[in-house]
Amino acid sequence: MKLKIINSLNNLKQLNDNPFTLQKIAYWLYEYNDLYKEVKNYSEILCEQCQQWKANGLPYDCLQKAEYCTKRYRYFTNFYEEVEYGIKVQELDTVCKVALEEYNTCSNNDALLKDWLIKYFDIGYNKLTIFYYDHLDYSVNDDEVVHPHFGNSPIGEFGVCIDRRYYKNLIEFDDVFKMLFYERKIYPEKLKEIEEEMQNIAIPMIPIPKID
């Protein structure tokens, strides 16, 4: 199984156009989906050591992923899922394009903009949050083209960056959504609701007893 994983990652590296094209990533995912399922199923079987720990009521997730443990190949499934997310989230690009077209027809009307925010709130606040915060790099200069990053290969020392052009509408949608929601506060009651929820889930400071 380890050799299959190494071969799959080497094949992915060969497909790299720096950045990757969406089509080549989709091809690799399809080509090695059976391997992903094989490793996933294998990882879910408890090794003998994990079975003993479970029987004794102890934690049984082999965090060290020792050579005897069935979870030692989970690095591949984790990486596969990271790369797969790059394909899945890109499917929202078409929806974002439609949303931007609608935005351009009502950009001077606050009432219509609020309706727009309500309509696309789930996409802007929920479905795309991971993409914006985990896969885009906002720390670089505006003139530098940075492509969305979807994980680093556990073997072979290369990262998976997919060409930014496939996510053009997602990125533009994010700029518009944040501007309307956070800066202009077009949907104030929802913003207030979120702020209150964040305050409620914040862990209170536990006072440290004074030691004489």
Side-chain angles (χ1 to χ4, degrees), residues 1-45 47 50 59 61-67 69-97 122-175 177-178:
M1 187 176 294
K2 184 176 182 179
L3 182 58
K4 289 182 181 179
I5 292 173
I6 292 173
N7 287 337
S8 73
L9 296 173
N10 286 336
N11 288 338
L12 177 61
K13 188 175 183 178
Q14 295 301 316
L15 296 174
N16 192 0
D17 292 322
N18 194 29
F20 283 92
T21 64
L22 198 70
Q23 293 78 9
K24 288 186 177 180
I25 289 294
Y27 164 79
W28 182 84
L29 290 169
Y30 173 80
E31 192 73 9
Y32 293 100
N33 184 250
D34 287 343
L35 177 59
Y36 165 77
K37 292 177 180 177
E38 180 184 352
V39 176
K40 190 85 170 175
N41 291 335
Y42 178 74
S43 299
E44 292 173 356
I45 301 171
C47 67
C50 286
D61 188 353
C62 280
L63 297 178
Q64 295 183 351
K65 300 177 181 63
E67 282 301 312
C69 187
T70 55
K71 296 178 176 61
R72 64 186 181 276
Y73 299 127
R74 270 201 311 204
Y75 63 83
F76 175 75
T77 55
N78 291 340
F79 173 71
Y80 185 99
E81 289 165 5
E82 271 195 282
V83 176
E84 186 178 41
Y85 175 78
I87 296 293
K88 289 182 176 179
V89 74
Q90 196 278 333
E91 294 173 357
L92 293 172
D93 194 72
T94 302
V95 178
C96 289
K97 181 180 180 181
D122 183 54
I123 293 177
Y125 189 79
N126 298 317
K127 293 183 178 179
L128 294 179
T129 300
I130 294 176
F131 172 70
Y132 296 136
Y133 288 100
D134 289 356
H135 303 285
L136 286 180
D137 186 353
Y138 291 99
S139 64
V140 298
N141 297 326
D142 293 338
D143 295 335
E144 185 175 352
V145 177
V146 179
H147 304 283
H149 177 263
F150 299 100
N152 294 312
S153 172
I155 298 173
E157 298 182 352
F158 68 94
V160 175
C161 291
I162 302 178
D163 199 306
R164 186 184 182 93
R165 61 192 167 99
Y166 301 111
Y167 305 90
K168 176 179 179 295
N169 295 305
L170 275 79
I171 296 169
E172 185 177 347
F173 174 89
D174 177 53
D175 291 337
F177 184 89
K178 287 179 178 176

> Can H147 and R165 be said to form a side chain to side chain contact (heavy atoms under 4.5 Å, CB included), step by step?
Replying inline: CA-CA 8 Å; H147 304 283; R165 61 192 167 99; over 6 Å; no
>> Working note: E81 + K40, criterion salt bridge (charged side-chain N to carboxylate O under 4.0 Å, His left out); need CA distance, chi angles, decisive distance, verdict.
In response: CA-CA 11 Å; E81 289 165 5; K40 190 85 170 175; 2.9 Å; yes
> Run the side chain to side chain contact (heavy atoms under 4.5 Å, CB included) check on L128 and V89 step by step: do they pass?
Replying inline: CA-CA 7 Å; L128 294 179; V89 74; 3.6 Å; yes
> Under the side chain to side chain contact (heavy atoms under 4.5 Å, CB included) criterion, do R72 and M1 qualify, and how do the steps go?
Replying inline: CA-CA 11 Å; R72 64 186 181 276; M1 187 176 294; over 6 Å; no
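For the pair K178 and Y133, the cation-pi test (distance below 6.0 Å, angle within 45°) is passed.
L22 is not listed as a side-chain neighbour of D163, based on a closest heavy-atom distance of 4.5 Å or more. Annotation: side chain of Y75 is in contact with side chain of I155 (closest heavy-atom distance under 4.5 Å). Two residues are said to be in side-chain contact when any heavy atoms from C-beta on lie closer than 4.5 Å; V160 and N152 fail this criterion. Looking only at side-chain heavy atoms (C-beta outward), P148 and F131 come within less than 4.5 Å of each other. Looking only at side-chain heavy atoms (C-beta outward), Y85 and I130 come within less than 4.5 Å of each other. Side-chain contact between T21 and I25 is absent, with no heavy-atom pair separated by less than 4.5 Å. Using a 4.5 Å cut-off on side-chain heavy atoms (C-beta onward), L15 and F20 make contact.
Remark: the backbone N or O of C161 is not paired with any side-chain donor or acceptor of H149 at under 3.5 angstrom. Without hydrogens or angle criteria, Y73 side chain to S43 main chain gives no donor-acceptor distance under 3.5 Å. Side-chain atoms of N41 come within 3.5 Å of backbone N or O of K37 as a donor-acceptor pair.
Going from atom CG of D134 over to atom CD of E82 covers 9.0 Å, rounded to the nearest 0.5 Å. Of the inter-residue distances, the one linking T77 atom OG1 with E38 atom CD reads 12.0 Å to the nearest 0.5 angstrom. One distance of note links CG of N33 with CD of E84; it measures 7.5 Å at 0.5 Å rounding. To the nearest 0.5 angstrom, D174 atom CG is 12.5 Å from I123 atom CD1. L170 contributes atom CG, which lies 4.0 Å from atom SG of C96 (distance to the nearest 0.5 angstrom). Rounding to the nearest 0.5 angstrom, the gap separating the CD1 atom in I5 from the CG atom in L9 is 7.5 Å.
Taking the six-membered ring where the residue is Trp, F76 and W28 present perpendicular rings, their angle passing 60° and hence far from 30°.
Screening D17, L12, N16 for a side-chain contact (heavy atoms from CB on, under 4.5 Å) with K24, the sole residue that qualifies is D17.
Residues H135 and Y167 keep their aromatic ring centres 6.0 Å or farther apart. For F150 and Y166, the distance between ring centers is not under 6.0 angstrom.
Salt-bridge annotation for E172 and K97: absent, with no side-chain N of the basic residue lying under 4.0 Å from a carboxylate O of the acidic one. Using a 4.0 Å cut-off between charged nitrogen and carboxylate oxygen, E91 and K127 do not count as a salt-bridge pair. Salt bridge absent: D93 and K168 never bring a charged side-chain N and a carboxylate O closer than 4.0 Å.
By the neighbour-count criterion of 12 heavy atoms within 6.0 Å, atom CD1 of I6 is densely surrounded, having more than that number from other residues, nucleotides or ligands. With a 6.0 Å radius and a threshold of 12 heavy atoms from other residues, nucleotides or ligands, Q23 has its CD atom above the threshold. The neighbour count for Y27 OH, taken as heavy atoms of other residues, nucleotides or ligands under 6.0 Å away, does not exceed 12.
In plain terms, the two heavy atoms of Y132 and G124 that are nearest each other are CE1-O, 4.4 Å. Taking every heavy atom of both residues into account, I162 and P19 meet most closely at C-CB, 4.0 Å.
For Y32 and N11, the side-chain atoms include at least one donor-acceptor pair closer than 3.5 Å.
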